[in-house]
Number of protein chains: 2
Amino acid sequence: MGTVSNVLTGAAVVSPERRERVLTVIRDSGYHPNFVARSLKLRQTRILGMVLADITNPFFAQMVRGAEDAALKRNYVLLTFNTDDHVEREKHAFSVLRSQRVDGILLVVAPGPKKPSHILDMLKTGGPLVCLDRVPPGLKVDSVTVGNFAATRECVRHLIALGHRRIGIVAGNLNLQTGRERLNGYLAALRDAGIKVAPELIRKGDFHMESGYQLGLELLLSKRRPTALFVSNNLMTIGVMRALAESGLRCPQDLALAIFDDMPATQVLQPPLTAVAQPAYTIGQRGADLLMDRIESKLADRAPVTIRLAGELKIRESTTGSRPGKGDSNLEPRVLGGGGKIPLSI
Amino acid sequence: MGTVSNVLTGAAVVSPERRERVLTVIRDSGYHPNFVARSLKLRQTRILGMVLADITNPFFAQMVRGAEDAALKRNYVLLTFNTDDHVEREKHAFSVLRSQRVDGILLVVAPGPKKPSHILDMLKTGGPLVCLDRVPPGLKVDSVTVGNFAATRECVRHLIALGHRRIGIVAGNLNLQTGRERLNGYLAALRDAGIKVAPELIRKGDFHMESGYQLGLELLLSKRRPTALFVSNNLMTIGVMRALAESGLRCPQDLALAIFDDMPATQVLQPPLTAVAQPAYTIGQRGADLLMDRIESKLADRAPVTIRLAGELKIRESTTGSRPGKGDSNLEPRVLGGGGKIPLSI
DNA sequence: GTGAAAGCGCTAACAG
DNA sequence: CTGTTAGCGCTTTCAC
């Protein structure tokens with residue numbers, strides 16, 4: 001009935017008494033408007049697809065939360081898909097999502113071929129798409145990412161400022177933009193300080209726990225081990241911590257540790273870890289808002305919007321707790337935040 | 001066109017050449033079948049709603065992952081909703097989900113009124129619903145939960161076996177089944193051992209970080225502080241760890257610590273924490289499968305199915321690293337798993 | 001203001 | 001085996 005629709009959507013004016021009658025009937029008949037029918041008619045589902053690596057990673061979980069909160073505010077809901085960074089699963093997700101006629105997709109792209117057909121298709125047909133955290137190489141897309149390069153460089157500079165010269169890195173998956181940018185930030189910091197890059201201090205991991213453990217162990221047990229170590233993400237950090245415990249080395253006395261990706265737990269580790277905190281929630285939030293703006297074509301045909309958010313360096317005792325052999329002891333590090341009250345207890 | 005439908009669904013037989021022709025046209029026209037239309041016709045969306053407290057909590061993230069993997073296998077997708085344990089948001093989620101005509105709902109119920117209308121409605125109208133982790137009090141519903149009582153009792157018994165008599169507990173939200181069951185498990189273990197319950201050692205938290213911190217601090221700084229502490233979930237544990245660091249007390253020398261909810265990080269803490277591990281992934285998986293069975297009415301009208309999964313006690317150094325004053329030193333704890341190789345390094 | 005009617009893309013039933 | 005058609009529940013246009 002047209003009148004009912006008008007009452008619900010407020011599209012046209014309905015007389016008060018009629019309106020009231022409709023409303024009461026709806027209430028006590030337990031009626032729920034059928035969005036499926038509405039979607040079919042309107043060609044608009046108010047569903048946002050979200051395709052990401054793994055919701056089990058706290059970083060992505062935060063992102064999802066940010067996106068969901070933003071979506072809910074504007075009466076959208078979120079349909080999520082985990083790919084574990086497999087392109088095949090990403091393709092499948094896209095296929096399902098497009099069939100479900102989601103209004104747009106938030107994508108944390110998996111590493112894969114240069115020209116991923118499912119993404120190109122989406123773009124070509126004008127399907128709203130916003131990339132989060134990473135951007136597929138060579139594509140012009142709306143995106144919300146973090147300044148990995150700058151944040152890592154700042155973090156490694158902090159280590160250098162403390163007097164470290166032999167600084168190791170457990171790098172992430174270099175097929176991923178984030179992995180590359182963080183490695184480059186590390187290299188830039190060394191270069192700026194005139195420190196020669198030691199290839200044996202650069203270990204290439206895959207952003208997962210096990211590689212952190214293996215590579216961490218290798219580095220820690222090597223003959224000329226580093227005095228400081230940068231780990232490229234949260235999961236690998238857990239692995240490195242395990243390696244550290246097994247090695248019997250102490251942090252920060254034997255090894256300073258700085259990591260990318262702050263987590264609730266890193267503050268309660270002994271010692272608390274110096275970390276680059278990412279605005280994960282904000283990435284999701286801004287990404288979803290950007291996507292919904294596109295969907296509602298508030299952005300008209302504006303060229304791709306790229307938002308870069310800054311990481312924040314949280315300096316804690318894992319780096320400041322001691323100095324390497326001949327370090328300048330009068331060189332006080334800038335303290336940018338966090339961890340002030342917790343005493344060094346190891 | 002009917003033929004196209006038949007090709008896609010395989011409902012009727014189509015001649016090979018016609019079939020081929022349809023298939024190629026579909027391929028190179030970038031056609032995606034419209035699930036919205038199909039859903040309207042079939043009154044079936046192949047979407048599962050999932051309403052939970054907070055995906056940012058690793059425990060729930062694992063659950064979601066389990067549910068999604070199970071759903072995908074049977075060609076369903078997951079629409080998630082975070083409630084932060086607010087009934088109002090849960091109600092809203094239900095309303096949206098029912099309007100979206102999801103085929104069923106997986107619910108981690110929020111604490112609330114005895115007779116939650118949205119849930120009763122759902123049940124009354126025969127909407128498939130499976131409760132995960134917790135069951136709304138007094139309702140007969142399909143559910144997948146964990147044996148909180150037994151697991152906690154076993155865990156506290158372990159503390160008692162080590163010689164502890166003054167055992168504190170940071171309890172969770174007692175409006176939640178999980179919070180109550182864990183507290184009861186604690187009480188049962190004490191009672192079985194003939195230990196008098198000391199009210200000042202029982203602190204009631206809310207499952208969040210801050211309450212863990214506050215209550216932990218209170219317990220640790222109290223005059224006659226416990227020699228062992230049981231913390232009722234992962235988030236509060238982080239708070240307790242912070243309190244522990246601030247208090248200057250050492251674990252396990254000054255205080256043995258055992259917690260509910262194992263996390264990747266708890267194994268790399270120094271010392272590694274004794275913890276009850278929950279089969280979070282399995283809860284999601286079994287729950288989703290149960291729900292889909294209901295939807296496809298494979299269960300016909302079988303009475304509510306209640307699945308209880310067991311928690312697993314992982315004994316680590318936070319409890320075994322030392323004994324309380326007059327403990328039996330010949331009383332070796334059963335080691336049920338984990339942590340064997342990591343040396344005590346504090 | 002209000003009620004009737006067309007049509008969104010699909011499936012299922014049916015006639016050819 | 002194939003093509004046509006009704007109808008899922010909604011929104012929107014149009015005549016009243």
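Letters A, B, ... mirror the listed sequences (proteins, then strands); counts begin at 1. Since this is a predicted model, take the numbers as computed values, not measurements.
The distance from the OG atom of A:Ser143 to the CZ atom of A:Arg286 is 11.5 Å, given to the nearest 0.5 Å. Annotation: the span from B:Phe35 atom CZ to B:Gln44 atom CD amounts to 10.0 Å, rounded to 0.5 Å. Between the CE atom of A:Met63 and the OG1 atom of A:Thr282 there is a distance of 11.5 Å, given to the nearest 0.5 Å.
Rounded to whole Å, the distance from CD on A:Gln44 to P on D:dG9 is 20 Å. One can place CD1 of A:Ile26 at 13 Å from C1' of D:dC10, the figure rounded to the nearest angstrom. A straight line from CZ of B:Phe35 to C1' of D:dC8 spans 17 Å, rounded to a whole angstrom. If you measure from atom CG of B:Leu40 to atom P of C:dC10, you get 12 Å, rounded to the nearest angstrom. What separates CD of A:Glu17 from C1' of C:dT2 is a distance of 12 Å, to the nearest Å. Computed from coordinates, the B:Glu20 CD to D:dC1 C1' distance equals 17 Å when rounded to whole Å. In this structure, A:Arg43 atom CZ and D:dT12 atom C1' are separated by 14 Å, rounded to whole Å.
Taking a cutoff of 4.0 Å between a charged side-chain nitrogen and a carboxylate oxygen, A:Asp289 and A:Lys73 do not qualify as a salt bridge.
Judged by distance alone, with hydrogens and angles left aside, the side-chain atoms of A:Arg134 form no donor-acceptor pair with the main-chain N or O of A:Thr178 at under 3.5 Å. Judged by distance alone, with hydrogens and angles left aside, the side-chain atoms of B:Ser99 form a donor-acceptor pair with the main-chain N or O of A:Pro33 at under 3.5 Å. Within the 3.5 Å criterion, the main-chain N or O of B:Asp84 finds no donor-acceptor partner in the side chain of B:Arg89.
When distances are taken from the side chain of B:Lys41 to each of C:dA12, D:dC10, D:dT11, the shortest belongs to C:dA12. Comparing C:dT2, C:dC8, C:dC10 by their nearest atom to the side chain of B:Ala37 picks out C:dC10. Proximity note for B:Asn34 (side chain, C-beta onward) versus D:dG9, D:dT2, C:dG9: the nearest is C:dG9. Nearest nucleotide to the side chain of A:Ser5, out of D:dT12, D:dT2, D:dG9: D:dT12. Comparing D:dT12, C:dC10, D:dC10 by their closest approach to the side chain of A:Leu42 singles out D:dT12.
The phosphate of D:dG9 (OP1 or OP2) has no side-chain N or O of A:Tyr31 nearer than 4.0 angstrom. Regarding contacts with the backbone of D:dC10, every side-chain N or O of A:Ser39 stays at 4.0 angstrom or more from both OP1 and OP2. Side-chain nitrogen and oxygen atoms of B:Arg101 include none within less than 4.0 Å of the OP1 or OP2 phosphate oxygen of D:dC8. In terms of phosphate contacts, B:Arg38 brings a side-chain nitrogen or oxygen within less than 4.0 Å of OP1 or OP2 of C:dT11.
Helix bend of the helix from C:dG1-D:dC16 to C:dG16-D:dC1: the angle between its two end axes, each built from five pairs, comes to 50° after rounding to 10°.
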Which is it for A:Asp293 and A:Arg74 under the salt bridge (charged side-chain N to carboxylate O under 4.0 Å, His left out) test, yes or no, and what are the steps along the way? CA-CA 10 Å; A:Asp293 286 347; A:Arg74 292 167 68 166; 3.0 Å; yes

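Heavy atoms of B:Val36 sit nowhere under 4.0 angstrom from any nucleic acid atom.
Nearest-nucleotide mapping onto DNA chain D: of B:Ser15 and A:His32, the residue sitting toward the 5' end is B:Ser15.
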